[in-house]
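Scroll down for the structure; my scribbles are underneath it.
Starting from 1, each residue takes its place in the sequence as its number.
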Amino acid sequence: MEAIARAHTNIALIKYWGKRNSQLFLPTNSSLSITLDHFYTETKVQFSDQFEKDSLLLDGSQATDKEIVKITAFLNHVRNLAGTKTFAKVTSVNHVPTAAGFASSASGYAALATAASKALQLDLTGTELSALARQGSGSASRSIFGGFVEWHKGENEAGTDSFATQILDEKAWNVSVLSVVVEAGPKSVSSRDGMQRTVETSPFYDGWLATVEEDLKLMKEAINDRDFTKLGEIAEANALKMHATTLGAKPPFLYWQSATLDVMQKVMELRQQGLEAYFTIDAGPNVKVLCEPENEEMIKEKLAALSSVRDVIVCHPGPGIQYLSDWNG
Ligand code: ADP
Ligand code: DP6
Ligand code: CO
């Protein structure tokens, strides 16, 4: 009735941006990401008849009632699969900033889905685990697997075919992802609220939908051909299109800060000077810079020299979920 799991975060090269069914976390478009070696979550789940409700201790602090509602809704899916009503005590440590655009919801719910299903002795396959993790946070569906991962949006409205699969494992292609920290505090608009507001109110959202599946197709070709230039160009353009949709929302919003623009402009400048790098940005002000491993030290130095940059963390493709026997959190 107890299990521990680790899951890594991921950075989307083709963004998940919008749900067609919010309750089941069914996306409007398929997406593609790289699981990152450096950032991860470790979660322990204990089920016991002694507990009168679910609880969550995250990074040493008891979660708020609002957080507990989310955790309970998610654990209810796991309990339904196992045919039990027993409550759980969840203890989790994020080795990644929480709610700051570093995808803590991805590693957080992938680790929770993995540990909770193991604790209840559900013997789930990778795709079943991915579909389960999806119902905690959409991006968590991709963190079940390592390397390059695609989340298929699925066709049916029950959500049984909306899960991720691995395209390449983490050793197959070494791309560098420099995580440029400009602000590690929580964002003011969560990914969930931001995408919902955009879907409901932005006239630019149709423009997003018009090209995202083509971007995905080209990205898969780039990965298949190990074509870094194509990967970078498509990832950067796709990220800019996603962020453009937020400007048309009502009320409008923008995840960028001036420091975000400093990094974006620096990347474009480096490219003009012949140093190949591309940026992508999730729902937050921090930037991920894509480059080839032979250039990572040089590009890291150039980015770290910007006065608005607090830190540059070098990441590479990382592993999928792991079951742990000891709790180090
Ligand atoms: P992020 O960019 O970090 O993914 P989101 O707004 O998507 O930001 O999600 C942040 C939310 O994810 C948190 O407010 C919390 O509800 C949830 N979360 C983050 N880490 C964990 C964790 N380890 N266990 C459970 N839930 C988590
Ligand atoms: C911009 O998975 O955090 O990072 O499903 O509502 O929990 P919920 O949202 P979340 O959204 C991630 C949005 C994104 C793009 C991406 O990771 O694909
Ligand atoms: Co998230």
Side-chain angles (χ1 to χ4, degrees), residues 1-10 22-25 35 39-100 102-126 128-145 159 163 184-186 190-192 318-329:
M1 297 297 271
E2 174 178 327
I4 308 167
R6 178 189 298 154
H8 289 245
T9 65
N10 65 76
S22 303
Q23 225 131 54
L24 292 176
F25 290 75
T35 303
F39 296 113
Y40 61 94
T41 296
E42 285 183 1
T43 298
K44 176 162 77 172
V45 180
Q46 299 159 283
F47 286 93
S48 164
D49 291 334
Q50 317 254 294
F51 304 145
E52 288 170 2
K53 56 185 176 63
D54 295 319
S55 65
L56 166 64
L57 189 72
L58 176 56
D59 292 336
S61 302
Q62 283 298 341
T64 59
D65 288 349
K66 205 174 143 208
E67 280 297 319
I68 298 296
V69 169
K70 278 164 79 175
I71 290 286
T72 294
F74 179 75
L75 288 171
N76 284 343
H77 295 303
V78 195
R79 282 188 279 257
N80 285 343
L81 289 173
T84 174
K85 289 193 172 348
T86 311
F87 290 113
K89 179 175 168 186
V90 179
T91 313
S92 185
V93 175
N94 279 342
H95 296 268
V96 55
T98 301
F102 286 94
S104 70
S105 68
S107 54
Y109 275 97
L112 180 59
T114 305
S117 57
K118 173 92 187 301
L120 291 179
Q121 279 128 39
L122 288 166
D123 198 11
L124 302 184
T125 62
E128 286 168 336
L129 255 185
S130 173
L132 175 62
R134 185 199 82 223
Q135 295 175 74
S137 179
S139 54
S141 65
R142 300 185 307 240
S143 273
I144 299 299
F145 303 103
F163 50 72
S190 70
S191 310
R192 191 157 307 175
I321 47 154
Q322 289 153 272
Y323 294 98
L324 306 177
S325 46
D326 295 312
W327 178 247
N328 316 307

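Rounded to the nearest 0.5 angstrom, I321 CD1 and L129 CG are separated by 5.0 Å. Here R142 contributes atom CZ and R134 contributes atom CZ; the two are 13.0 Å apart, rounded to the nearest 0.5 Å. Atom NE2 of H95 is separated from atom CG of D59 by 8.0 Å, given to the nearest 0.5 angstrom. S55 contributes atom OG, which lies 8.5 Å from atom CD of Q46 (distance to the nearest 0.5 angstrom). With values rounded to the nearest 0.5 angstrom, N76 atom CG is found 11.0 Å from I71 atom CD1. Taken to the nearest 0.5 Å, the NZ atom of K89 stands 11.0 Å off from the CD atom of Q50.
Here the side chains of L132 and L81 are in contact, with some heavy-atom distance below 4.5 Å. Contact check for T86 versus F51: no side-chain heavy atoms found under the 4.5 Å cut-off. At least one side-chain heavy atom of L324 sits under 4.5 Å from a side-chain heavy atom of E42. Residues Q135 and Y109 are not in side-chain contact: their nearest non-hydrogen atoms beyond the backbone lie 4.5 Å or more apart. Side-chain contact check for I4 versus D326: every heavy-atom pair is 4.5 Å or farther apart. Residues S137 and R192 are in side-chain contact: their nearest non-hydrogen atoms beyond the backbone lie under 4.5 Å apart.
No more than 12 heavy-atom neighbours from other residues, nucleotides or ligands sit within 6.0 angstrom of CG on D123. Heavy atoms of other residues, nucleotides or ligands lying less than 6.0 angstrom from CD of Q62 number more than 12.
Judged by distance alone, the side chain of N94 and the main-chain N or O of L58 form no donor-acceptor pair under 3.5 Å. Looking only at distances, no side-chain donor or acceptor of S130 sits under 3.5 Å from a matching main-chain atom of G126. Side-chain N or O atoms of S141 include one that pairs as donor or acceptor with a backbone N or O of G138 at under 3.5 Å. Under a 3.5 Å cut-off, the side chain of S104 and the backbone N or O of A99 do form a donor-acceptor pair.
Under the 6.0 Å distance and 45° angle rule, R6 counts as a cation-pi partner of Y40.
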(request) Verify side chain to side chain contact (heavy atoms under 4.5 Å, CB included) between Q322 and H8, making sure each step is shown before the conclusion. (result) CA-CA 9 Å; Q322 289 153 272; H8 289 245; 3.8 Å; yes
(request) Would you check, one step at a time, whether the test side chain to side chain contact (heavy atoms under 4.5 Å, CB included) holds for F74 with D54? (result) CA-CA 11 Å; F74 179 75; D54 295 319; over 6 Å; no
(request) Output, in order, the C-alpha distance, side-chain angles, deciding distance and verdict of side chain to side chain contact (heavy atoms under 4.5 Å, CB included) for R79 and T72. (result) CA-CA 10 Å; R79 282 188 279 257; T72 294; 3.9 Å; yes
(request) Step by step, work out the side chain to side chain contact (heavy atoms under 4.5 Å, CB included) result for L112 and S92. (result) CA-CA 8 Å; L112 180 59; S92 185; over 6 Å; no
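No donor-acceptor contact under 3.5 angstrom links the side chains of T35 and N10, judged on distance only.
For the pair A115 and A5, the tightest heavy-atom approach, listed with the atom from each and the gap, is N-CB, 3.8 Å. Nearest approach of I144 to A133, heavy atoms of both residues: CD1-CB, 4.0 Å. The two residues A116 and F47 have their closest heavy-atom pair at O-CE1, 3.7 Å. Nearest heavy atoms, S107 versus T41: OG-OG1, 2.8 Å. The shortest non-hydrogen separation linking T9 to F102 is CG2-O, 3.5 Å. Considering all non-hydrogen atoms of both residues, S105 and A140 come closest at O-CB, 3.9 Å.
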